[in-house]
Amino acid sequence: MVRSPFAADAGAASDVFVTLGMLAEERGTDSAGLALLGGWPGLGGAAFGSGTGCGDGCRVLSARGRFSALWRPELLPELDRAPVVLGHTRWATQGSPAHPANASPMAVPAAGDGGAAIVATHNGDIDAGDLRSRHALPPASGTTDSEPVFQLLAGCADASAVTGVLETLVGRAALAWVHRDRPTEVHLARAALSPLTIAVDTEQNIYWASNPRWFREAEEHTRARFATVVMLREGTYLKIGMERRPGRRDLPEVLATANFRPTARDTDMDDRVWTGFTLADEQCDRAGLSHRVVQRPGGTAPVPTAA
């Protein structure tokens, strides 16, 4: 979530975030986490205390199991004043859920010169060995396929560099990340298959989640009303933020967009990609698939590709 500094009631957006976290349990209960980032730009807002792997101005909480077990009401004051919040539920693919370093959000430094860390989440499953064979990456702290992606993204300074990394991914991926030195900007990307939906409420708070249905349910159970709910197409990158100029408060908006050509393995087409989707939402998303496909030994039948 990127919170509007002008919203009349911070609690309404916080309620949506918690509701989305609970609903996301249908897509993963192996582990869960959230990251609270930054103070208000231009206000000298108090930074959050140190959190796991993060440092001043950021707090990361993660644990094995459900989001509903991680969440507790005493976190609400921090959530209400956080300009940016990342949430995640995990359905483990690569890397044991018993390993604490495998839970997201992850705080990961840049490869090479150890530049500013990012705090990031990934839904999907990618060929991490392929990435490591083509890039000189530092040793990982965990055993997931997500960490090498985050190491590469941490070193990206612009949209061209980001899409360059995203085009090297092979597999399913939906990603959200924040650079620690720019905590009021969120980067979102949908590569192949793994769904990603963006929503904007009438107070201009911006949210993202896997399933568009969750926003319809959030309207039923919270005070928020959504002006826009859009499923991103494969190969879409967005940068969202609230500072057109450093130190100035602005309404959250899309600051940059780019497109790229995602790649999946022929084994990646799996009905579980759309777990929890209504039939109409699933059919709409499938109709727009445009990734290219690489063959793997023992792969499945051909899947939709772009010409």
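All residue numbers refer to positions in the sequence shown, counting from 1.
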**Name of the residue among Val119, Ile118, Val108 meeting side-chain contact (heavy atoms from CB on, under 4.5 Å) with Arg180** = Val119
**Request:** Look at Lys239 together with Asp158 and state whether they make a salt bridge at an N to O cut-off of under 4.0 Å.
**Result:** no
**Message:** Which residue in the set Asp270, Asp145, Asp268 passes salt bridge (charged side-chain N to carboxylate O under 4.0 Å, His left out) when paired with Arg172?
**Reply:** Asp268
**Message:** Can you confirm whether Arg90 sits close enough to Ser104 that some side-chain heavy atom of one is under 4.5 Å from a side-chain heavy atom of the other?
**Reply:** no
**side-chain contact (heavy atoms from CB on, under 4.5 Å) partner of Leu37, chosen from Val84, Val85, Val186** = Val84
**Message:** Do the side chains of Asp127 and Arg134 get close enough for a salt bridge, i.e. N-O under 4.0 angstrom?
**Reply:** no
**Request:** Decide, yes or no, whether a salt bridge links Asp281 with Arg216 under the criterion of side-chain N to carboxylate O below 4.0 Å.
**Result:** yes
**Fill in**
The complete set of side-chain hydrogen bond (donor to acceptor under 3.5 Å, both in side chains) pairs with one or both residues in residues 222-236, sequence neighbours excluded, reads Asp9-Arg223, Asp15-Arg223, Glu234-His291
**Asked** Mind checking whether Leu76 and Leu20 sit in one hydrophobic cluster, side chains of I, L, V, M, F, W, Y counted as touching below 4.5 Å?
**Response** yes
**Item:** Side-chain (Ser194) to main-chain (Asn123) donor-acceptor, under 3.5 angstrom
**Value:** yes
**Main-chain N/O of Phe226 paired with Glu219 side-chain donor or acceptor, under 3.5 Å** = yes
**Item:** Asn102 side chain vs Gly142 backbone, donor-acceptor pair below 3.5 Å
**Value:** no
**Request:** Tell me, please, which residues at least two apart from Ala10 pass side-chain contact (heavy atoms from CB on, under 4.5 Å).
**Result:** Arg3, Asp80
**Request:** Please identify each residue that fulfils side-chain hydrogen bond (donor to acceptor under 3.5 Å, both in side chains) with Glu167, with sequence neighbours left out.
**Result:** none
**Message:** Could you check whether Thr29 and Arg66, counting side-chain N and O atoms only, form a donor-acceptor pair closer than 3.5 Å?
**Reply:** no
**Prompt:** Does one side chain, of Thr121 or His88, offer a donor that lies under 3.5 Å from an acceptor on the other?
**Reply:** no
**Request:** Examine distances only and state if a side-chain atom of Glu78 and a backbone atom of Leu36 form a donor-acceptor pair shorter than 3.5 Å.
**Result:** no
**Item:** Cluster link Leu193 to Val294, ILVMFWY, side chain under 4.5 Å
**Value:** no
**Request:** Is it possible for you to say whether Met269 and Val170 belong to one hydrophobic cluster, with membership spreading through side-chain heavy-atom contacts below 4.5 Å?
**Result:** no
**Prompt:** Do Glu217 and Thr19 have a side chain donor and acceptor closer than 3.5 Å?
**Reply:** no
**Request:** Please work out whether the ring planes of Phe17 and Phe67 are parallel, tilted or perpendicular, with thresholds of 30° and 60°.
**Result:** perpendicular
**Asked** Taking the side chain as C-beta and beyond, is there a heavy-atom pair between Trp208 and Leu238 under 4.5 Å?
**Response** no
**Prompt:** Quick check: does any side chain N or O of Arg213 sit under 3.5 Å from a backbone N or O of Thr278, one acting as donor and the other as acceptor?
**Reply:** no
**Item:** Shared hydrophobic cluster, Val178 / Leu255 (ILVMFWY, side-chain heavy atoms < 4.5 Å)
**Value:** no
